Number of protein chains: 2
Amino acid sequence: MILTVTLNTALDITYRVRSLRPHASHRVSEVTERPGGKGVNVARVLAALGHEVTVTGFTGGATGRVVQELLASVPDVTDALVPITGTTRRTIAVADDLTGDTTQLNEPGPTITPTEWSSFQEAYEDLLASASAVALCGSLPPGVPVGAYAGLVRTARSAGIPVLLDTSGEPLRRGVAARPDIIKPNTEELAELTGSHDPLRATQDARRRGARAVVASLGPKGLLAVSPEGRWRTAPPTLVRGNPTGAGDSAVAGLISALVEHLPWPDRLTRAVALSAATVSAPVAGEFDRRVYQELLGRVTVTSEASAA
Amino acid sequence: MILTVTLNTALDITYRVRSLRPHASHRVSEVTERPGGKGVNVARVLAALGHEVTVTGFTGGATGRVVQELLASVPDVTDALVPITGTTRRTIAVADDLTGDTTQLNEPGPTITPTEWSSFQEAYEDLLASASAVALCGSLPPGVPVGAYAGLVRTARSAGIPVLLDTSGEPLRRGVAARPDIIKPNTEELAELTGSHDPLRATQDARRRGARAVVASLGPKGLLAVSPEGRWRTAPPTLVRGNPTGAGDSAVAGLISALVEHLPWPDRLTRAVALSAATVSAPVAGEFDRRVYQELLGRVTVTSEASAA
């Protein structure tokens with residue numbers, strides 16, 4: 001199975017309203033709830049691609065129970081969340097019928113105790129024993145040490161499991177130094193890590209800092225990948241319109257699924273770009289449109305660049 | 001005990017944000033959760049006044065469980081909510097640090113099945129056996145017949161239990177015809193019921209429609225009460241600034257507690273106005289400031305008007 005780690009699990013709630021006006025009262029016309037957090041989104045896409053996935057991270061309180069109930073109804077996803085005494089956070093996306101725009105309200109989430117963090121590390125090590133790859137995704141909740149991902153990367157590498165890291169800020173900086181197999185920063189995260197706003201230069205610098213391969217997400221422009229095996233650029237054939245929520249998580253699912261299928265880099269990138277674009281064009285945030293995905297798979301072009309890094 | 005009925009129970013969530021801007025992403029700095037719905041608010045104030053209270057209405061799903069957990073921690077309030085298969089609604093108040101204003105998002109709530117409505121009516125009749133008074137509060141959830149309150153008023157009257165009705169629209173119109181002991185409309189509700197925007201005329205008309213006594217809430221201007229025993233106006237001595245959320249529910253608690261204590265009308269109104277103003281001035285929405293309450297009790301003036309209605 002593929003293991004995805006979401007330390008900042010969430011219940012993602014979407015409210016439909018006619019038009020959000022500050023300081024007014026709104027009747028919500030539709031409520032949808034999904035288990036969320038980046039690694040959970042990655043897991044859902046992996047499962048839809050036919051992979052067995054296990055999700056771990058933290059769960060607690062009434063909201064954690066709802067997350068687990070919803071996870072139980074997703075086929076091929078195994079729940080290995082670690083219980084905590086705090087309460088899992090909610091995120092609320094208020095979708096505006098008139099403008100199509102979304103307003104986001106994110107709860108801070110529970111503080112993890114040192115004992116809970118230790119329990120998680122033990123659970124993680126046990127889960128790695130049956131994992132073919134691991135994706136470490138998203139921000140760290142309060143209480144988890146800033147070097148957390150660095151430690152989890154090292155544990156995976158010691159176990160010989162390929163590890164993808166998708167986070168930002170100081171947790172990314174420390175995590176990169178622990179030599180993950182792939183990082184997938186966007187241009188902002190890459191600039192914050194390296195100080196450079198030039199994607200190619202920043203990507204190469206991120207490799208020097210320890211990442212074996214860097215797949216930089218350039219938004220609608222697609223991906224730039226630099227690895228020991230070569231350097232590639234890839235983009236969807238047409239500009240895809242829609243909701244970018246979850247597009248990055250779908251790219252991670254594309255990369256890690258193709259990795260465990262031993263596909264070469266160009267095929268990994270094709271899959272990541274097609275899944276990402278199919279997620280942007282899907283009507284429900286974070287879902288991907290399977291027809292668009294299949295159609296794009298045959299139309300994404302990958303360009304190999306002059307020098308391998 | 002005093003029985004309060006909240007057919008549209010809710011989990012009231014308050015989010016603090018720096019400043020709510022449509023289509024932006026917000027970090028919530030503080031999350032508070034309270035069991036809500038008008039009858040639940042009334043119950044909390046009654047309990048704070050030293051009365052034994054039982055709350056009934058509906059509860060379901062994960063949110064219903066949270067409401068019940070929170071109710072269990074309120075002293076002197078007994079939970080007699082009736083289980084349903086749907087999920088209790090949430091309301092979210094987004095409180096803006098910069099402006100002090102609040103944006104409200106209200107979920108529609110579950111649809112009640114005919115079987116669930118029957119179960120409720122049986123539970124209600126059983127609970128009346130040990131009630132000294134009953135308050136029927138708030139809107140009706142989908143699935144509950146529009147004449148619901150009329151039926152509940154009649155059941156209470158048959159049992160000889162004084163009944164206060166605090167609702168609006170068609171449920172109020174039908175409920176009034178069933179001859180409740182007290183209704184407590186605000187000026188808008190009263191105008192909708194009677195077609196008149198003149199508070200005195202509308203109040204007298206509401207009595208002709210069936211209400212034994214009408215206590216019209218005139219907002220910051222206080223209360224106008226018309227009953228077989230006389231007619232009174234009362235207002236807080238000074239304009240109270242703050243959050244009016246829950247002020248009406250506190251007034252209901254004041255009226256019904258004073259009724260079961262057999263206080264005369266002027267004392268009932270003094271208590272309702274003092275509680276209401278103490279709720280507006282409290283820092284937490286829906287709570288009342290006990291010091292302000294005690295202080296106002298001695299300063300509220302009640303004016304008896306010329307003719308009994």
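Protein chains get the first letters and strands the later ones, always in sequence-line order, with residue 1 at the start of each. Basis for what follows: all heavy atoms, side chains included, without hydrogens, waters or symmetry-related copies. All figures in this text were calculated on a predicted structure; none of them were measured in a lab.
Within the 4.5 angstrom heavy-atom criterion, only side-chain atoms of Arg65(B), from C-beta onward, approach chain A. Contacts of Thr102(B) with chain A are made by backbone atoms alone, with heavy-atom separations under 4.5 Å and no side-chain atom involved. Heavy atoms of Glu30(A) lying under 4.5 Å from chain B are absent altogether.
To the nearest 0.5 Å, atom CD of residue Gln104(A) and atom NE2 of residue His23(B) are 12.5 Å apart.
You'll find the side chain of Asp101(B) stays beyond 4.5 Å of the side chain of Pro22(A), heavy atoms only.
Interface with chain B: from residues 85-99 of chain A, residues Arg90(A), Ile92(A), Val94(A), Asp96(A), Thr99(A) qualify, criterion being any non-hydrogen pair under 4.5 Å.
The 12-atom threshold is not exceeded at CD of Glu188(A), counting heavy atoms of other residues, nucleotides or ligands nearer than 6.0 Å.
Among all heavy-atom pairs drawn from Pro108(B) and Val31(A), the shortest one is CD-CG2, 4.0 Å. Residue Thr103(A) comes nearest to His26(B) through the heavy atom pair CG2-CE1, 3.6 Å, listed as atom of the first residue, atom of the second, then distance.
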Worked verdict on Thr63(A) versus Val66(B) for side chain to side chain contact (heavy atoms under 4.5 Å, CB included): CA-CA 9 Å; Thr63(A) 309; Val66(B) 175; over 6 Å; no
